[in-house]
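Data block below; observations after.
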There are 2 protein chains.
Amino acid sequence: MLINELSKRTGITAHTIRFYEKSGLIKGKRDENVKSNNYFHYDEETVEKLELVRDAKSIGFTISEISQLMDAWYNNKMTVAEKLSVLDEKLLSIDERIKQLKGMKKMISQFKKDVIEDDC
Amino acid sequence: MLINELSKRTGITAHTIRFYEKSGLIKGKRDENVKSNNYFHYDEETVEKLELVRDAKSIGFTISEISQLMDAWYNNKMTVAEKLSVLDEKLLSIDERIKQLKGMKKMISQFKKDVIEDDC
DNA sequence: TACAACATTAGAGTATAGTCTATACTTGCT
DNA sequence: AGCAAGTATAGACTATACTCTAATGTTGTA
């Protein structure tokens, strides 16, 4: 599929997809049989990857972190041990974030109590 | 206290503190009795505020969100109802983030399983 | 064949959140 | 007095992650 279809399927603009391509998150292929143009072609895996990018970005992962994550997933140059190490590291960092968020919840709840009490 | 002490107590550089001041997160006071300089003086509340900024930033809150949160806390121009509304909104957004993080944990755990199975 | 829609590349522009430099004045210590 | 350390301000610079524009060429449809 070409970039326009990829854009429609993922809800990510062509501009941003090209930016991700430059950043190394995805890779389109050129069709060598076609000499008249330079169009990139994308496969289903790229759709999956962009969906992962969207999810990971929404929880605050940077492009560089997402890049590591996708390497652990799709890159066959990494050993199983290396992949598991990257994945475990991400799991730990997620747990850490959840912990911090819960801490902030507690603080805000306490603030709420204080605000209500001050009102009396 | 002056900016240098504030910096030492919070671990935030003077440059960044001045940036936060420009952004409206904190406010130093000038001593009107002293005419020879223009130095800002900060109180304990400012230390508290900067600690809150640090915590909130670490969980991905933007300066604008932190600003709202601090208004709900310290600004006496807001009604109790308005304050509670801001705090409740932040609590909801934190819950949403925790939900997304848990979703990502599930995905990564599944990836781990897949990586291990592929290895067999 | 005209022409709208689509594709590529380079590069400029935007927003957020700092970070650093330069300049100049003030304060504290010896 | 001299000098290091502290302070303020303006503005330049950096990094991340887009977002948009311009120029140019290609494809598909009426």
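In what follows, chains carry the letters A, B, and so on, assigned in the order in which the sequence lines appear, proteins first and then strands, with residues in each chain numbered from 1. Remember, it's a predicted structure, so these values are computed and weren't measured experimentally.
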Would you classify A:Thr62 as touching base, sugar-phosphate or nothing, given that sugar-phosphate means primed atoms plus P, OP1 and OP2, and contacts are heavy atoms under 4.0 Å? sugar-phosphate
How long is the line joining NZ of B:Lys8 and P of D:dA5, in whole Å? 11 Å
Between B:Arg30 and B:Phe40, is NZ or CZ placed under 6.0 angstrom from the six-membered ring centre and within 45° of the ring axis? yes
Is it possible for you to check whether A:Lys49 lies under 6.0 Å from the centre of the six-membered ring of A:Tyr74, through NZ or CZ, and within 45° of that ring's axis? yes
Spacing between B:Ile17 atom CD1 and D:dT7 atom P, to the nearest angstrom: 10 Å
Quick check for you: name the first and last nucleotides of DNA chain C, 5' to 3', having an atom under 4.0 Å from a heavy atom of chain A. C:dC6 to C:dT9
B:Glu21 CD - D:dT7 P separation (whole Å): 13 Å
Tell me the interatomic distance from B:His15, atom NE2, to D:dC13, atom P, rounded to whole angstroms. 15 Å
Residues of residues 34-49 of chain B with any non-hydrogen atom less than 4.0 angstrom from an atom of DNA chain C: list those, numerically ordered, please. B:Ser36, B:Asn37, B:Tyr39
Euclidean distance, atom CD1 of residue A:Ile63 to atom P of D:dT19 [Å, nearest integer]: 11 Å
B:Asn4 CG to D:dA4 P, in whole Å, measures 17 Å
Determine: side-chain N/O of A:Thr13 to OP1/OP2 of D:dC18, distance under 4.0 Å, yes or no. no
How close or far is atom P of D:dA17 from atom CD1 of A:Ile12, stated in whole angstroms? 14 Å
